[in-house]
Amino acid sequence: MPKLAKSLNAKINTKIKNLPNSAIRSFNQRISTIPGIIKLTIGEPDLNTPEHIKQAAINDITNDDSHYAPEAGKEKYLKAVSKYLNQSLGVNYDPATELCATVGVSEGLNIAAMALLNPGEKIIVPTPVWGVYFGIIEMAGGIPIQVDTSADNFLLTPAKLKETLENEGKGAKAVVITDPSNPTGRVYSKENLAELAQVITDYDMFAVSDEIYAELIYGDKKHYSLTQIIPERTVLLSGLSKSFAMTGWRIGYIAGPAELMKSMIKINSFLISSVTDNVQIGAAEALENGEQDYIAARAKYQRRLQILQEGLEKNGYTLATPEGAFYIFAKIPAKFGCDDVAFANDLAEKAKVGATPGSYFGAGGQGYVRFSYASSEENIKEAIRRITSYTENN
């Protein structure tokens, strides 16, 4: 087993070496060793990829589609994305010049950060948010400016964005909008986005819009997008991991103005050459013929949300109003204090229920924990029983 030469240890890229590992994943990995634990930690659907999607990919393999795909993506997939965005949002993207297939939204975020940011430039990140954003921005040489949204019901307001741009975020190149939000499940209204779009335009910025949970919005809420208001400034990131239970397929897409997409497609070719052929064909099938799949999945998640929400509220947990995705961001009852990491560890050890500490999602997450209801209804009901017992007896 080789051991790195001591003289080379100091020559490793210090920026990468000094980046912390994902606290969310590390916590999940650690509590996974607890016997009998119910994990409501990671945002991964317990559902399986629909059969017609799997069969489309199988057929593609059988037909020997096993060569390099175009660096921007296969024509069939990009046309399916274009049509889907037109039908769902009423926006128009040319599949030949304004779209790019990616290895999930994670790669899309890396591409966006690399394409937009020069070394030392700032990007506004409303928090709490998926913690991976920070590392991705820093790897690209950028500086993430966290904006705590907890005082505004976990939504970025135009006033707060302006305030940030006049102070610690002065000169920022872009702002990230995650809609629906991970970890809070909050959803931006059309009016919210229009007001933010005006600020973004006034300050001559880019917007990076992460819409991976767009199909999972509940009640009378509807998904809107900055691409409908300021498409000339917006980079849209999305994919099929959540809505079609395709996390392991690693398939997503970027949409944006052609002039910007030239750089993004170039970066994509350097990073991965191209996305796997059969995965793109399966994804095209999902977008073309899978509307009923995510409608059925959404109904299941909404039922789970109701069970988890009612159970937590009965036990004195105050919730950020959950409207989309499959997360509840819950404030810890006052009697437990505000150390969310200690609380989450204790809940895992004593109640055998896994919830992610809110502070792992950045400023504004302290004193909260995130519960994922992507788990089965049976697991959620049992988790509530355990949480009830823990809350009453501790």
Side-chain angles (χ1 to χ4, degrees), residues 69-86 88-125 133 136-137 139-144 161 165 169 171-179 193-194 196-212 214 224-239 251-275 280 287:
E71 56 191 20
K74 296 178 78 68
E75 181 180 19
K76 182 175 178 61
Y77 175 56
L78 297 179
K79 284 186 173 180
V81 171
S82 178
K83 183 178 179 182
Y84 181 78
L85 291 175
N86 179 260
S88 60
L89 293 173
V91 295
N92 295 302
Y93 286 96
D94 179 6
T97 62
E98 297 175 337
L99 295 171
C100 181
T102 64
V103 182
V105 169
S106 295
E107 195 221 350
L109 284 164
N110 276 278
I111 291 172
M114 293 172 71
L116 296 178
L117 297 172
N118 294 305
E121 290 184 329
K122 302 173 183 177
I123 183 167
I124 306 297
V125 184
Y133 285 170
I136 287 174
I137 291 167
M139 282 196 298
I143 302 171
L161 179 55
L165 289 168
K173 192 74 162 289
V175 59
V176 175
I177 299 294
T178 308
D179 185 23
L193 292 177
L196 288 171
Q198 187 60 59
V199 178
I200 292 166
T201 301
D202 290 344
Y203 283 82
D204 199 22
M205 303 168 66
F206 290 99
V208 178
S209 187
D210 181 347
E211 303 178 20
I212 186 64
Y224 296 97
S225 170
L226 285 171
T227 61
Q228 298 167 304
I229 308 167
I230 46 169
E232 71 282 1
R233 296 181 176 274
T234 303
V235 176
L236 167 63
L237 304 174
S238 196
I251 181 68
Y253 55 85
I254 305 175
E259 296 85 352
L260 178 58
M261 292 305 298
K262 288 178 183 178
S263 293
M264 294 196 171
I265 292 168
K266 184 189 298 184
I267 294 169
N268 198 47
S269 70
F270 289 151
L271 289 176
I272 63 163
S273 295
S274 59
V275 175
Q280 293 191 66
L287 293 173

Using side-chain contact (heavy atoms from CB on, under 4.5 Å), reason through Asp204 and Arg233 one step at a time and then give a plain yes or no.
CA-CA 9 Å; Asp204 199 22; Arg233 296 181 176 274; 2.9 Å; yes
For the residue pair [X] and [Y], establish whether any side-chain heavy-atom pair is separated by less than 4.5 Å.
{"X": "Val103", "Y": "Leu271", "value": "no"}
{"X": "Leu226", "Y": "Ile200", "value": "yes"}
{"X": "Leu193", "Y": "Gln228", "value": "no"}
{"X": "Glu71", "Y": "Ile265", "value": "yes"}
{"X": "Leu99", "Y": "Ser82", "value": "yes"}
{"X": "Leu116", "Y": "Leu260", "value": "yes"}
{"X": "Met261", "Y": "Val235", "value": "no"}
{"X": "Tyr203", "Y": "Val175", "value": "no"}

Considering all heavy atoms of both residues, which atom of [X] and which atom of [Y] are nearest to each other, and what is their separation?
{"X": "Leu165", "Y": "Ala172", "answer": "CD2-CB, 3.9 Å"}
{"X": "Gly73", "Y": "Ala101", "answer": "CA-CB, 3.9 Å"}
{"X": "Met264", "Y": "Ile254", "answer": "SD-CG2, 3.6 Å"}
{"X": "Ser225", "Y": "Leu89", "answer": "CB-CD1, 3.8 Å"}
{"X": "Ile136", "Y": "Ala113", "answer": "CG2-CB, 4.1 Å"}

[atom1]/[X] to [atom2]/[Y] distance, rounded to the nearest 0.5 angstrom?
{"X": "Leu196", "Y": "Thr201", "atom1": "CG", "atom2": "OG1", "result": "10.5 Å"}
{"X": "Thr178", "Y": "Glu211", "atom1": "OG1", "atom2": "CD", "result": "9.5 Å"}
{"X": "Tyr84", "Y": "Tyr77", "atom1": "OH", "atom2": "OH", "result": "11.0 Å"}
{"X": "Lys173", "Y": "Met205", "atom1": "NZ", "atom2": "CE", "result": "10.5 Å"}
{"X": "Asn110", "Y": "Met139", "atom1": "CG", "atom2": "CE", "result": "5.0 Å"}
{"X": "Lys74", "Y": "Gln280", "atom1": "NZ", "atom2": "CD", "result": "6.5 Å"}

Mark yes or no for whether Asp179, through its side chain, and Ser209, through its backbone, hold a donor-acceptor pair below 3.5 Å.
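No, because the side chain of Asp179 does not come within donor-acceptor range (under 3.5 Å) of the backbone of Ser209.
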Count the heavy atoms belonging to other residues, nucleotides or ligands that lie under 6.0 Å from CD of Glu232, then report whether that count exceeds 12.
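Buried by this count: over 12 neighbours within 6.0 Å.
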NZ/Lys79: more than 12 non-hydrogen atoms of other groups inside 6.0 Å:
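No, the 6.0 Å shell around NZ holds no more than 12 heavy atoms from other groups.
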Given Tyr253, which of Leu78, Val105, Leu85, Leu237 fulfils the side chain to side chain contact (heavy atoms under 4.5 Å, CB included) condition?
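Result for side chain to side chain contact (heavy atoms under 4.5 Å, CB included) with Tyr253: Leu85.
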One pair to check against side-chain contact (heavy atoms from CB on, under 4.5 Å): Gln198 and Ile229. What are the steps and the verdict?
CA-CA 9 Å; Gln198 187 60 59; Ile229 308 167; over 6 Å; no
